[in-house]
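Working notes, structure below.
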Amino acid sequence: STQIEEPVSVSSESIDEEVQETLEVENQEETYTDAEEEVTLPNIFTPNNDGANDFFEINIGEKKDFQIVVINQMNKVVFQSNSVDFRWDGILPSGDPAPSGNYVYFISAKTMSGKDFVKSSKLRIQR
């Protein structure tokens, strides 16, 4: 008898290799979805009003149920938005400028086809 299952693994062979190195098998579909999205996550911005890179924003395309949360080193939320077209100027909820330093942000959404889209990245604020 012949195995018919082989073409399924061939279509995502290179992604499977990456997934096996970094994720458990059950996350393969999510990784494949992320690879299709090709979203670039910024890791630094400079909110110093010089006209260059003054805002933290991501061109993420059309998403449903979008949410982004930025936390500081003490795990305190310093920014959050439910708008896929968010734009953060580096101002804290208190109205003060976020200090230079390292932060982490988390994005969760659904693609227009209903698949989960979850990402996180480090973020450096340099004033």
Side-chain angles (χ1 to χ4, degrees):
S1 70
T2 60
Q3 291 181 335
I4 299 175
E5 299 173 10
E6 194 170 333
V8 174
S9 64
V10 171
S11 67
S12 61
E13 186 176 339
S14 64
I15 294 172
D16 286 346
E17 290 172 9
E18 293 174 26
V19 169
Q20 289 172 359
E21 291 176 10
T22 59
L23 299 172
E24 294 180 58
V25 175
E26 64 224 31
N27 290 331
Q28 286 182 9
E29 183 175 288
E30 179 179 305
T31 301
Y32 185 73
T33 300
D34 291 351
E36 286 178 349
E37 294 294 322
E38 296 183 21
V39 173
T40 301
L41 299 177
N43 59 7
I44 188 168
F45 85 113
T46 57
N48 56 9
N49 296 319
D50 67 355
N53 204 22
D54 285 333
F55 298 95
F56 173 57
E57 52 194 341
I58 302 172
N59 183 4
I60 198 164
E62 292 187 52
K63 299 285 181 287
K64 299 185 281 188
D65 302 325
F66 178 84
Q67 182 175 15
I68 183 165
V69 176
V70 181
I71 61 172
N72 64 14
Q73 293 178 337
M74 295 173 286
N75 292 328
K76 183 176 179 183
V77 174
V78 296
F79 174 78
Q80 62 184 7
S81 177
N82 293 324
S83 172
V84 72
D85 297 319
F86 77 92
R87 188 176 198 197
W88 185 36
D89 58 3
I91 301 298
L92 298 171
S94 66
D96 296 323
S100 293
N102 296 316
Y103 297 77
V104 176
Y105 64 93
F106 300 91
I107 297 171
S108 65
K110 289 196 180 293
T111 64
M112 295 311 282
S113 62
K115 294 183 180 177
D116 288 335
F117 180 88
V118 179
K119 289 281 196 180
S120 64
S121 181
K122 295 178 183 178
L123 177 66
R124 174 126 182 101
I125 295 179
Q126 187 66 49
R127 293 194 177 270

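Not measured: the values here are computed from a predicted model. Reckoned from all heavy atoms, side chains included, excluding hydrogens, waters and symmetry mates.
- Side chain of Ser108 to backbone of Lys119: no donor-acceptor contact under 3.5 angstrom is found.
- Residues Asp85 and Ser83 have side chains that never bring a donor and an acceptor to within less than 3.5 angstrom of each other.
- With contacts defined as side-chain heavy-atom distances shorter than 4.5 Å, the pair Ile107/Val118 does not qualify.
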* To do: With side chain to side chain contact (heavy atoms under 4.5 Å, CB included) as the test, would you mind laying out the steps for Val77 and Val70 before giving the verdict?
  => CA-CA 6 Å; Val77 174; Val70 181; over 6 Å; no

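- Separating the CG atom in Asp54 from the CZ atom in Phe45 is a distance of 9.0 Å, to the nearest 0.5 Å.
- By the criterion of side-chain heavy atoms lying less than 4.5 angstrom apart, applied directly or through intervening Ile, Leu, Val, Met, Phe, Trp or Tyr residues, Ile58 is not grouped with Val104; the two fall into different hydrophobic clusters.
- Considering all non-hydrogen atoms of both residues, Ser121 and Pro42 come closest at OG-O, 4.1 Å.
- Both tests pass for Lys63 against the ring of Phe117: distance under 6.0 Å to the centre and angle within 45° of the axis.
- In plain terms, the two heavy atoms of Gln67 and Val69 that are nearest each other are NE2-CG2, 3.8 Å.
- Of all heavy-atom pairs spanning Pro97 and Ile91, the tightest one is CA-CD1, 4.0 Å.
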* To do: Carefully, step by step, assess Ile71 and Tyr105 under the rule side chain to side chain contact (heavy atoms under 4.5 Å, CB included).
  => CA-CA 6 Å; Ile71 61 172; Tyr105 64 93; over 6 Å; no

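- The aromatic rings of Trp88 and Phe56 sit perpendicular to each other, their planes meeting at more than 60°, with 30° as the lower class boundary.
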* To do: Dump the intermediate steps for side chain to side chain contact (heavy atoms under 4.5 Å, CB included) on Asn102 and Leu123, then the final yes or no.
  => CA-CA 6 Å; Asn102 296 316; Leu123 177 66; over 6 Å; no

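- The main-chain N or O of Asn53 is found under 3.5 Å from a side-chain atom of Thr46 such that the two form a donor-acceptor pair.
- For Asn59, the CG atom counts as loosely surrounded, since its 6.0 Å shell holds 12 or fewer non-hydrogen atoms of other residues, nucleotides or ligands.
- Here the side chain of Ser100 pairs a donor or acceptor atom with the backbone of Arg127 at under 3.5 angstrom.
- Counting non-hydrogen atoms of neighbouring residues, nucleotides and ligands closer than 6.0 angstrom, the NZ atom of Lys122 reaches no more than 12 such neighbours.
- Atom NZ of Lys115 is separated from atom NZ of Lys110 by 12.0 Å, given to the nearest 0.5 angstrom.
- In this structure, Ile68 is a member of the same hydrophobic cluster as Val39, with clusters built from ILVMFWY side-chain heavy atoms closer than 4.5 Å.
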* To do: Take Phe79 and Tyr103, measure what side chain to side chain contact (heavy atoms under 4.5 Å, CB included) needs, and give me the verdict at the end.
  => CA-CA 11 Å; Phe79 174 78; Tyr103 297 77; over 6 Å; no

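- Val84 and Leu41 fall within the same hydrophobic cluster, defined by Ile, Leu, Val, Met, Phe, Trp and Tyr side-chain heavy atoms under 4.5 Å apart, directly or through other members.
- Every residue meeting the side-chain hydrogen bond (donor to acceptor under 3.5 Å, both in side chains) condition with Ser113, not counting sequence neighbours, appears here in chain and number order: Thr111.
- Taken from CZ in Phe66 to OG in Ser81, the straight-line distance is 6.5 Å, to the nearest 0.5 Å.
- Side-chain atoms of Pro99 and Ile125, non-hydrogen and from C-beta on, never get closer than 4.5 Å to each other.
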